[in-house]
Asks: 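I have a structure here, written as structure tokens, and I will follow up with some questions on it.
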Amino acid sequence: MRPMAEGYDVQAIEARWQQYWREHGTYEVDNDDPRPHWYTLCMYPYPSGAAHMGHVRNYTFGDLIVRYRTMNGYAVLSPMGFDSFGLPAENAAIKTGVHPRTFTDERIEQLRSSIMRIGAVYDWRREVTSHSPAYIRWTQWIFLRFLEQGLAYRAKAPVNWCPGCHTVLANEQVLADGTCERSGDLVEKRDLEQWFFKITDYAQQLLDDIDGLDWPERVKVMQRNWIGRSEGAEFDMAITDADGTPRADGLSITVFTTRPDTSFGMTYAVMAPEHPLATAITTDDRRADVEAFIAHARATSEIDRLSSEGSLEKRGIFTGAYCRNPFTGKPVPLYLADYVLLGYGTGAIMAVPAEDQRDWDFAQVHGLPIVRTIQPPEGWEGEAYTGDGVHINSEWLDGLGKEEAIAKATEWLEASDIGERKVNFRLRDWLVSRQRFWGCPIPVVYCPDDGIVAVPDDQLPVMAPDDVEFTPSGESPLRFHEGFLNTTCPTCGGPAVRETDTMDTFVDSSWYFLRFCDPWNETAPFSADAAASWMPVDQYIGGVEHAILHLMYARFFTKALSDLGVAPVDLREPFARLFTQGMIRLGGDKMSKSKGNLVAPESILDNEGADALRLAHLFVGPPQDDVDWEGVGLEGCARFLQRVWRLGTGEAGVPAVDREPTPPDDAMEKATHRLIARVTDEYERWSYNTAVAAFMEFGNDLYKYVQAEGGPRRDTLAFAVDTLLLVMAPMTPHITAELWSRRHDGAHVHEQAWPQADPAKLTVDTVTLVVQVNGKVRDRLEVPAGIDAAEAERLALASPKVQAHLDGGEPRKVIAKPPKLINIVV
RNA sequence: GCGCGAGUGGCGGAAUUUGGUAGACGCGCAGGAUUCAGGUUCCUGUGUCCGCAAGGACGUGGGGGUUCAAGUCCCCCCUCGCGCACCA
């Protein structure tokens, strides 16, 4: 497309200003900058090559804030980096033999240059990449501090093993249907020694501190649900035989319940099939069946477990054992069933079919008794009743309501030394081991004599070797690299073997925002002072897909590093304000590589240019909503910029003249002040789509003004055009920089102060009085803004249109809200 | 099933903060001017229905209600999207 406005050479202008911002370090900022500090951050991207529309949208918002805050007098920290470890680079290496570093570095360059092409500005001096030796060094250093504090530990655990990726997955990386989120393979359970971070130590704090965050409510809800706090009680039950005689082996099980008040209604108990005591408690006559059941459960994937609703009897089995209900003193049968999960609570439950629907269903199928302990309301036709009500069949709890009974039952358990009050969290410890090459190596060695030994700080970073071969087996080449594997024990000097696991890439992204504050530091990951001068991030921007994992882990790291004295003591949260942008769709479908419906920003950048692309993203809809690229008004945005160009260069309309202000000049001036007030408000509210509408509206008014007979007044026009350029500068930086520079002897628009509206100029002289009869609009009158109710009523009643509707009658009532509205009730 | 969000012209959306002109702005479409022509640019029109017009009726997913006045508040229902989903 050729430039349609004289001299508006989009490509040349955009390239020129991007170069200018880089060469002048316009958006580089030092930690001791005297202006008030503001930290804006877009989630650092995984380098997947040239930017896609999601990136463009994200960085358009971020860049706009950087420029807007800067014009408002802040020192704005706006860094950029790359989340450069991860599986795709390794998979590519297996396929093509290219080293993951080469592959990754190439893609970083592609992404960096396309980010620059959209005109987004950063303090590139501070760039952080996860795979750089300096970053690896400090990630490992943090790991070792966690290890010292017991926040990192090694444990054997049933882990999610993806046969396709040959690696262990975090629970979060397994989809609800039991498949791997990346390869789609069915995930298996395997017991392996793994590294964990003890995020559960912070469960309560992570939950409590959500309240103080200025985050989208739905993200806060998702985090609360993920932590999943529930209050209840835990108690022991002795294993017995059918008549309640304790067994010779003295075994007992512990159950967790949120409803200890319903204990008198316990008619059986259930353990998870994988429960460690499952075989021990099973009686000999049931052993063969039970072991077959356990084997089947272990071999069955989550997906099958979840989809086996129809065959409930196959999902549980009687063990032959009983356990004594401490409340009644009577034995109840003990089952194994896959609806009880080993990973939650104690992996065993008391079953109360009358007050729990799952227990009800199971009891029905297995012919187990049901005893109500809460009187359901009158006319109750449902099955299990989980609401409040009066306790029955519960001896000393009879007559009490739910809450009272829970309290009394819990007190009794504690007083009798049978159980205790217990808070359970759904949140699990974070499994950070990955059996991959392209990640941050875990800096420990295994010594036959000294066990697990930390690599000393002065030997960091532990770097993976370059001379490795990637095999299609998918296994980490580190496991076969003798030079890497064999080392000496830092404690005894004897031979030792290195850990070959690397860390989950979420570890890297859990502290990069802190490194940005002090990226040159060679004695610490960052100084507490540097972090204190910027943190917490004032505005964090990213996709809602990170609502749980990344944001939870980053919060955990911040708290842990604060407790370790690495981060400032009072820094308890990393991101004060979070904005999550919507997804980009195309014709209703999610726009994604896998759907093959990507619209590449490239061709738009080559034609309409970055300013038009940015403007289109901002105009298409509210930032937090999903947007459909089909509805994007790219044409209209490009057209509007052409109009702005003509206004800015004086091509539009008739030549300006010098004169005393006329009423149209005054109106234009007032409209300019209103523009400032409106757009400022809309920037603060993230209402960018309406801000763009305001520009366009103003542009239309301005066009009419310059084309009017007699021409525009020079000063009025200059003020109007300059103001438009200023308020557009954060959104469309290139065209506004170019025009400002031409109009003001090379001055830079982004170094101007944000314009202020004069309150005196925001008033209007006349307003439209809407005249309604019985609530329906019948006339509109131009009236003085200061009109009173009596005068408004007089004018309204004088209106011929109103008279026609009154039909000679008298109004019964007149509601006057001068100067905007009057309603005549007949 | 539970939780959150949303339903407004042919389309994206505005007005939802304070109940007070529904449809800003843009796309698309139609007509006109400029042009050899296409493109560009400029102007005008554009919710639906009746009407030559003036004007009128209807209209914010559906139904009810409050009010002088409801897209906005209250009750019931429907649809779509997202998240969680055997958590005891």
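Quick note on labels: first sequence line is chain A, next is B, and so on, each numbered from 1. Computed over heavy atoms, backbone and side chain alike; hydrogens, waters and symmetry mates excluded.
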Asks: Let me spell it out: for each of A:M222 and A:I349, pick the nucleotide of RNA chain B with the closest heavy atom. Which residue's pick is nearer the 5' end?
Replies: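 The residue mapped nearer the 5' terminus is A:M222.
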
Asks: Sequence neighbours left out, what passes side chain to side chain donor-acceptor pair (under 3.5 Å) with A:N823? Give chain and number order.
Replies: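 Counting only residues at least two positions away or on another chain, A:N823 forms no side chain to side chain donor-acceptor pair (under 3.5 Å).
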
Asks: Round to the nearest Å and state the distance from A:E608 atom CD to B:U40 atom C1'.
Replies: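 Spelled out: CD on A:E608 to C1' on B:U40 is 14 Å.
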
Asks: Using a cut-off of strictly less than 4.0 Å, decide whether A:R426 has a side-chain nitrogen or oxygen near OP1 or OP2 of B:A85.
Replies: yes

Asks: Roughly how many Å is it from CG in A:D338 to C1' in B:A88, rounded to a whole number?
Replies: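 The distance from CG of A:D338 to C1' of B:A88 comes to 14 Å, rounded to the nearest Å.
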
Asks: Which nucleotide in the set B:C86, B:A85, B:A24 lies at the smallest distance from any side-chain heavy atom of A:R315?
Replies: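 The listed nucleotide nearest to A:R315's side chain is B:C86.
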
Asks: Got A:Y683 and A:L64 here, is their nearest side-chain heavy-atom distance under 4.5 Å?
Replies: yes

Asks: Could I get a table of every N or O pair under 3.5 Å where one atom is in the protein and the other is in nucleotides 13-18 of chain B?
Replies:
unit_1: B:G13; atom_1: O3'; unit_2: A:N689; atom_2: ND2; d: 3.4
unit_1: B:A14; atom_1: OP1; unit_2: A:N689; atom_2: ND2; d: 2.9

Asks: Are the aromatic ring centres of A:F362 and A:Y268 under 6.0 angstrom apart?
Replies: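 Between A:Y268 and A:F362, which both carry aromatic rings, the centre distance is below 6.0 Å.
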
Asks: A:K820 side chain to A:V770 main-chain N or O, any donor-acceptor pair under 3.5 Å?
Replies: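 Not a single qualifying donor-acceptor pair exists.
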
Asks: What are the atom names and distances for every N/O pair under 3.5 Å that joins the protein to nucleotides 52-59 of chain B?
Replies:
unit_1: B:A57; atom_1: OP2; unit_2: A:R778; atom_2: NH1; d: 3.3
unit_1: B:C58; atom_1: OP2; unit_2: A:K776; atom_2: NZ; d: 3.1

Asks: Using the six-membered ring wherever Trp is involved, compare the ring planes of A:F61 and A:Y688 and label them parallel, tilted or perpendicular (cut-offs 30° and 60°).
Replies: parallel

Asks: Rounded to whole angstrom, note down the C1' distance from B:G7 over to B:U72.
Replies: 15 Å

Asks: Sub-3.5 Å donor-acceptor pair from the side chain of A:D681 to the main-chain atoms of A:A677, do we have one?
Replies: no

Asks: Using the P atom on both, measure B:G19 against B:G71 and round to a whole Å.
Replies: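 My reading of the P atoms in B:G19 and B:G71 gives 14 Å.
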
Asks: Considering only atom P, compute the distance from B:U18 to B:A54 and round it to an integer number of Å.
Replies: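 That atom pair is separated by 40 Å.
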
Asks: Could you measure between the two C1' atoms, the one in B:G45 and the one in B:C36, and give it in whole Å?
Replies: 29 Å

Asks: In whole angstrom, give me the gap between the C1' atoms of B:U8 and B:U48.
Replies: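 It works out to 14 Å between them.
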
Asks: Working note: A:R614 + A:E608, criterion salt bridge (charged side-chain N to carboxylate O under 4.0 Å, His left out); need CA distance, chi angles, decisive distance, verdict.
Replies: CA-CA 10 Å; A:R614 294 167 59 123; A:E608 289 84 356; over 6 Å; no

Asks: Measure the shortest side-chain to side-chain distance between A:E782 and A:T768 over non-hydrogen atoms and say whether it is less than 4.5 angstrom.
Replies: yes

Asks: Nearest 0.5 Å please: distance from the OG1 atom of A:T254 over to the NE2 atom of A:H275.
Replies: 7.5 Å

Asks: Tell me, please, which residues at least two apart from A:V371 pass side chain to side chain contact (heavy atoms under 4.5 Å, CB included).
Replies: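 Only A:T267, A:N393 meet the side chain to side chain contact (heavy atoms under 4.5 Å, CB included) criterion with A:V371.
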
Asks: Side-chain contact test, heavy atoms from C-beta onward, threshold under 4.5 Å: evaluate it for A:T262 versus A:M350 and give yes or no.
Replies: yes

Asks: Using whole Å, report how far CE of A:M583 lies from P of B:C82.
Replies: 7 Å

Asks: Using a 6.0 Å distance limit plus a 45 degree cone around the ring axis, check whether A:R643 lies over the aromatic ring of A:Y703.
Replies: yes

Asks: Rounded to whole Å, please give me the gap between CD in A:Q223 and P in B:C4.
Replies: 17 Å

Asks: Starting at CZ of A:R780 and ending at P of B:U21, how long is that distance when rounded to a whole Å?
Replies: 9 Å

Asks: Tell me the interatomic distance from A:E635, atom CD, to B:C29, atom C1', rounded to whole angstroms.
Replies: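 Atom-to-atom, A:E635 to B:C29, this comes out as 15 Å.
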
Asks: For B:G1, give the paired nucleotide (Watson-Crick: N1-N3 plus N6-O4 or O6-N4; G-U: N1-O2 and O6-N3; both under 3.5 Å), or none.
Replies: B:C84

Asks: Rounded to whole angstroms, how far apart are NE2 on A:H546 and P on B:C82?
Replies: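 My rounded result for the distance is 18 Å.
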
Asks: Say you pick atom P in B:U40 and the same atom in B:C27; how far apart are they, in whole Å?
Replies: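 Result for the P pair: 11 Å, nearest Å.
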
Asks: Detail all sub-3.5 Å separations between protein N/O atoms and N/O atoms belonging to nucleotides 66-71 of chain B.
Replies:
unit_1: B:C68; atom_1: O2'; unit_2: A:N823; atom_2: ND2; d: 3.3
unit_1: B:C68; atom_1: O2; unit_2: A:N823; atom_2: ND2; d: 2.6

Asks: Name the orientation of the base relative to the sugar in B:G56: syn if the glycosidic angle is within 90° of 0, else anti.
Replies: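 In terms of base orientation relative to the sugar, B:G56 is anti.
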
Asks: State, with a plain yes or no, whether a side-chain heavy atom of A:R421 is found less than 4.5 Å away from one of A:E231.
Replies: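 Side chain of A:R421 against side chain of A:E231, heavy atoms only: no contact under 4.5 Å found.
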
Asks: Using Watson-Crick or G-U wobble geometry with both distances below 3.5 Å, tell me the partner of B:A6, or none.
Replies: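 Here B:A6 is engaged in a pair, and the nucleotide opposite it is B:U79.
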
Asks: Can you classify the ring geometry of A:F256 versus A:Y344 as parallel (below 30°), tilted (30 to 60°) or perpendicular (above 60°)?
Replies: perpendicular

Asks: Determine the interatomic distance between C1' on B:U21 and the same-named atom on B:A15; round to the nearest Å.
Replies: 11 Å

Asks: Need the pair for B:A33. Rule: Watson-Crick or G-U wobble, both distances under 3.5 Å, any strand; none if unpaired.
Replies: B:U41

Asks: Who is the Watson-Crick or G-U wobble partner of B:U48, with both distances under 3.5 Å?
Replies: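 For B:U48, the partner nucleotide comes out as B:A57, under the 3.5 Å rule.
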
Asks: Dump the pairs, protein N or O against N or O of nucleotides 42-49 of chain B, anything under 3.5 Å, distances to one decimal.
Replies:
unit_1: B:C42; atom_1: OP1; unit_2: A:R643; atom_2: NH1; d: 2.6

Asks: Could you work out the separation of B:C58 and B:A70 based on their P atoms and round it to a whole Å?
Replies: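 Rounded to whole Å, the distance is 12 Å.
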
Asks: Under a 3.5 Å cut-off for both distances, is B:G19 Watson-Crick or wobble paired, and to whom?
Replies: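 Paired with no nucleotide.
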
Asks: Tell me which nucleotide, if any, is Watson-Crick or G-U wobble paired with B:G13 when both distances must be under 3.5 Å.
Replies: none

Asks: What integer distance in Å separates A:I548:CD1 from B:A85:C1'?
Replies: 12 Å

Asks: Just checking, is any N or O donor in the side chain of A:E383 or A:Q357 under 3.5 Å from an acceptor N or O on the other one?
Replies: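 Side chains of A:E383 and A:Q357: pair found under 3.5 Å.
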
Asks: Using the ring of each side chain (for Trp, its six-membered ring), is A:H366 parallel, tilted or perpendicular to A:Y335, with breaks at 30° and 60°?
Replies: perpendicular

